[in-house]
S.K.: 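Quick one: structure below, then a few questions.
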Amino acid sequence: MALKLDDFMQWPEIEALEYAECEDLNAVLGPRMANRTHVLVTTYQRGADSVKVKITETGKQYTMEKMDEAGYFAVLIPEKKIPSYHFLVKRGKETEEQIDPYALEPQFDAMDTNRFNNGIHDTVYEKLGAHVMTLDGVKGTYFAVWAPNAKMVSVVGDFNQWNDGANPMRLVEDAGVYELFVPGVEKGDIYKYSVLGSTGQRVLKADPYASYAEKRPATASVVWEDDYKWQDKSWLTARKKWKAKSEPMLIYEVSLAGFRKPKKKGVEEKESFYNYRELAPMIADYCEEMGYTHVELMPIMEHPFDGSWGYQVLGYYAPTSRYGTPEDFKVFVDTLHGHGIGVILDWVPAHFPRDEHGMARFDGTCLYEHLDPRQGEHPHWGTLIYNYGRPQVANFLTANALYWLEEFHVDGLRMDAVASMLYLDYGKQDGQWVANIYGGNENLEAIAFLQKLNQKIHARKDGAISIAEESTAWPNVTGPVEKDGLDFDFKWNMGWMNDYLEYIRTDPLFRKGRHGMLTFSMVYQYSEEFILVLSHDEVVHMKGSMYTKMPGNARDKFDTLRLSYGYMAAHPGKKLLFMGQEFGQEREWSEERELDWFLLDSGDKDTMTYHERLRQYVSVLNSFYVTHPALYVDDSKPSGFEWISTLDADNSVIAFVRKCKEETLLVLCNFTPVAHEKFRVGVPFAGKFKEIFNSDAEEFGGTGFVNPRMKPSKNIKWDGRNNSLEIRLAPLSIQIFNCTKAVSQPKTSAKKTAMKEKTNGSRSKK
């Protein structure tokens with residue numbers, strides 16, 4: 001009995017295909033065995049006049065029959081197994097040879113499926129997303145997207161006139177991944193996924209795994225590839241040996257949107273951006289001059305809204321196109337490494353925005369977020385919370401963190417809003433959250449996610465670090481997983497920041513009533529590995545800049561800023577300062593304008609503004625910090641710090657010692673504008689004390705109330721010490737003394753002393 005094509009036509013599915021609503025693509029496209037002796041080959045070619053199948057091995061051709069007017073073609077080939085073939089598609093006078101992408105083996109294979117479904121596919125970004133490659137001798141782009149509950153997914157773009165039905169993707173069913181190789185699509189082509197959701201609603205979605213995207217307000221993803229040749233091998237080699245806890249760390253927090261902006265005629269300042277390549281030498285040279293060891297970038301992952309400062313991310317795998325391409329960003333990192341400066345990225349695994357083109361209800365269901373709004377929404381942020389218990393979601397985030405470390409050579413990740421991840425009731429009222437299985441408010445799935453991620457970062461053994469912005473007293477954030485810790489390398493010390501800023505904005509006359517705010521941080525200092533922070537969060541939203549927080553007149557403000565930054569440098573913990581605060585920016589920071597660099601220019605080459613003096617002070621302070629190991633080597637050990645005076649609230653003075661094996665430093669901080677000509681302070685031991693740093697020096701804009709000569713201690717008990725020192729204590733200042741122990745004389749017996757005196761006496765007579 002002769003085979004008839006009509007007998008193999010799945011007309012309902014074919015019609016659904018033409019309307020981009022086909023839920024069983026494998027039934028209507030690609031080759032399949034019709035019976036033991038024939039292969040059915042089908043294709044959908046809109047506008048084609050004719051289509052032939054050309055067998056690759058023999059060159060034999062078979063003319064396909066046009067089954068409907070929309071362009072569905074089919075043919076039965078007498079073969080006992082599916083052969084390799086191409087299509088010969090004729091449109092007008094032109095005939096084009098094409099591969100059949102539906103005949104190719106899935107690129108997302110069984111191993112990928114198993115690892116992804118178990119949440120352990122650390123390089124899944126090499127499969128999902130858009131990847132330029134050559135298959136069957138043809139160059140094109142392979143697309144793959146996770147959308148397990150979608151009825152159908154098509155890849156659309158300029159290359160197919162955004163036609164939903166032109167390139168329907170086939171489902172790798174066990175993985176819930178839709179994939180397709182599209183010949184001819186190349187680097188720079190824009191695309192989205194047309195997703196027919198589970199509810200029957202169609203929406204255009206950007207690619208969650210896209211490595212590049214259009215500049216906002218456009219929202220399409222961009223096919224990208226590069227073969228950048230890194231130049232930072234020596235940096236990476238040295239980083240492997242880096243011991244973060246005992247190394248100096250001075251972090252300059254930067255927003256690329258507002259560091260510097262080019263002046264372009266006819267372009268608003270807020271719309272004007274330098275390229276990553278242009279920003280690289282500006283930031284590298286400045287940080288090198290200032291003595292910073294690291295730059296921390298506010299999120300540079302693609303985000304739709306400038307006002308979120310990057311903290312509401314949609315393109316997790318894409319450096320924002322505001323400043324250039326992914327390759328441009330690699331140049332940025334490479335350049336900073338070449339200047340000996342590490343790069344830390346702010347990273348946001350806590351939440352994502354609701355924008356329709358993003359991940360929200362991606363396949364018609366709450367795929368990345370929780371279905372229950374009590375679990376899946378932040379009421380006061382208006383954003384969605386990741387479902388960390390879903391392996392593929394945790395995999396998305398874990399692979400993304402490792403992606404920035406691996407592909408962009410970044411030196412660390414500072415994870416934003418960790419507290420919101422840890423607490424199920426964070427920012428919520430009763431009735432707005434769901435307890436865990438034990439009835440508590442801890443997010444057990446988020447805890448497990450953070451622990452596993454940090455373990456994977458450390459398993460790389462390449463010196464990369466992880467930092468938590470955790471604003472509560474959650475225990476053991478930097479402790480090992482074996483002791484129920486989260487295994488971060490460092491935690492932002494938000495307690496120190498809040499206490500100190502509350503204290504320092506108080507009028508000096510009343511600071512004695514808040515003296516405990518200066519000393520409380522040492523009560524919990526060794527509970528975590530801390531970074532002291534004066535970040536962007538403290539200079540926005542009507543909080544005022546660091547300059548405006550300081551009370552008094554302009555002179556008082558600069559004096560107090562020098563004191564504050566000095567105290568921060570001397571206090572145990574690594575350091576972070578937001579850009580512009582190092583020179584006393586007066587206005588609050590805004591992403592819409594560059595820093596007020598004009599404050600540094602007096603207009604007279606022989607005259608420096610107080611802002612420029614402050615900038616130079618911070619540079620000297622940073623250099624002082626880096627060259628004195630007592631200020632950082634034993635940050636995490638109680639042996640590295642010792643209080644001398646904590647009770648002098650009336651004078652608002654504190655004194656302490658920073659020490660390590662190499663040196664001992666005595667530090668005094670005077671938080672009032674009162675100078676003391678003869679101020680006595682206890683010392684750690686008898687010896688000589690040389691003032692090596694004074695924020696009140698004239699070169700910094702101070703009064704010059706310094707101690708120019710080395711001073712010996714006296715055997716006068718003070719501050720609970722057997723020995724003490726009398727110094728000139730400058731107003732609103734930090735003063736640091738190098739401590740040298742007195743050399744003790746060996747004890748001599750009375751008989752030996754008498755003999756020595758007798759000998760000396762007889763010599764004098766001669």
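Everything numeric in this text was worked out from a predicted model, so none of it was measured.
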S.K.: Between Y617 and F693 (judged by ring centroids, cut-off 6.0 Å), do the two rings come close enough to count as a pair?
M.R.: yes
S.K.: Parallel, tilted or perpendicular for F671 and Y567, by the 30°/60° rule?
M.R.: perpendicular
S.K.: Under 3.5 Å, is there a donor-acceptor pair between the side chain of S619 and the main chain of E289?
M.R.: yes
S.K.: Establish, yes or no, whether a centroid distance under 6.0 Å links the rings of W496 and F520.
M.R.: no
S.K.: Salt bridge or not for R658 and D635, using N-O below 4.0 Å?
M.R.: yes
S.K.: State whether R721 and D719 are salt-bridged, where the test is any N-O pair (Lys NZ or Arg NE/NH1/NH2 against Asp/Glu carboxylate O) under 4.0 Å.
M.R.: no
S.K.: Examine distances only and state if a side-chain atom of D507 and a backbone atom of L509 form a donor-acceptor pair shorter than 3.5 Å.
M.R.: yes
S.K.: So, S527 versus Q525: side-chain donor-acceptor pair below 3.5 Å or not?
M.R.: no
S.K.: Should D559 and K557 count as an ion pair when the cut-off is N to O under 4.0 Å?
M.R.: no
S.K.: With a 6.0 Å cut-off on ring centres, are H571 and F656 close enough?
M.R.: no
S.K.: Just say parallel, tilted or perpendicular for the rings of H628 and F624, cut-offs at 30° and 60°.
M.R.: tilted
S.K.: State whether a side-chain donor-acceptor pair under 3.5 Å links T478 with E528.
M.R.: yes
S.K.: Without swapping roles, check the side chain of S724 against the backbone of I716 for a donor-acceptor pair under 3.5 Å.
M.R.: yes
S.K.: Is the distance between the ring centroids of W309 and W589 under 6.0 Å?
M.R.: yes
S.K.: Checking S733 side chain against A730 main chain: does a donor-acceptor pair fall under 3.5 Å?
M.R.: yes
S.K.: State whether W347 and R414 meet the cation-pi test: NZ (Lys) or CZ (Arg) under 6.0 Å from the six-membered ring centroid, and within 45° of the perpendicular axis.
M.R.: no
S.K.: Under 3.5 Å, side chain of E591 to main-chain N/O of A257, donor-acceptor pair present?
M.R.: no
S.K.: So I283 and F332, do their side chains get closer than 4.5 Å, heavy atoms only?
M.R.: yes
S.K.: Less than 6.0 angstrom separating the ring centers of Y311 and H536, yes or no?
M.R.: yes
S.K.: Do NZ/NE/NH1/NH2 and the carboxylate oxygens of E502 and R514 come within less than 4.0 Å?
M.R.: yes
S.K.: If only atom types and distance count, is the side chain of D596 paired as donor or acceptor with the main-chain N or O of F598 below 3.5 Å?
M.R.: no
S.K.: Taking E247 for its side chain and Y632 for its backbone only, find out whether a donor-acceptor pair lies under 3.5 Å.
M.R.: no
S.K.: Would you check if the side chain of N694 reaches a backbone N or O of D696 as a donor-acceptor pair within less than 3.5 Å?
M.R.: yes
S.K.: How far apart are the C-alpha atoms of E469 and W492, what are their side-chain angles, what is the distance that settles it, and do they pass the side-chain hydrogen bond (donor to acceptor under 3.5 Å, both in side chains) test?
M.R.: CA-CA 5 Å; E469 189 237 356; W492 273 22; over 6 Å; no
S.K.: Could K741 and F685 be counted as a cation-pi pair, given that NZ or CZ must be under 6.0 Å from the ring centre and within 45° of the axis?
M.R.: yes
S.K.: Using atom types as modelled and distance alone, determine if a side-chain donor or acceptor of K549 lies under 3.5 Å from a backbone N or O of E538.
M.R.: yes
S.K.: Show the numbers, then the answer: is there a ring-ring contact (aromatic ring centres under 6.0 Å, His included) between F583 and Y547?
M.R.: CA-CA 9 Å; F583 61 77; Y547 174 87; over 10 Å; no
S.K.: Do the side chains of R239 and D411 get close enough for a salt bridge, i.e. N-O under 4.0 angstrom?
M.R.: yes
S.K.: Compute the centroid of each ring, for F737 and then for F689, and state whether the two points are separated by less than 6.0 Å.
M.R.: no
S.K.: In terms of side-chain geometry, is the basic nitrogen of E582 or R615 positioned less than 4.0 Å from the acidic oxygen of its partner?
M.R.: no
S.K.: Do I654 and T646 make a side-chain contact, defined as non-hydrogen atoms from C-beta onward lying under 4.5 Å apart?
M.R.: no
S.K.: State, without any angle test, whether N670 and T672 hold a side-chain donor-acceptor pair at a distance under 3.5 Å.
M.R.: yes
S.K.: Salt-bridge test for K245 and E529: reply yes if a basic N is under 4.0 Å from a carboxylate O, no otherwise.
M.R.: yes
S.K.: Could you label the plane-to-plane angle of the W242 and H294 rings as parallel, tilted or perpendicular, counting under 30° as parallel and over 60° as perpendicular?
M.R.: tilted
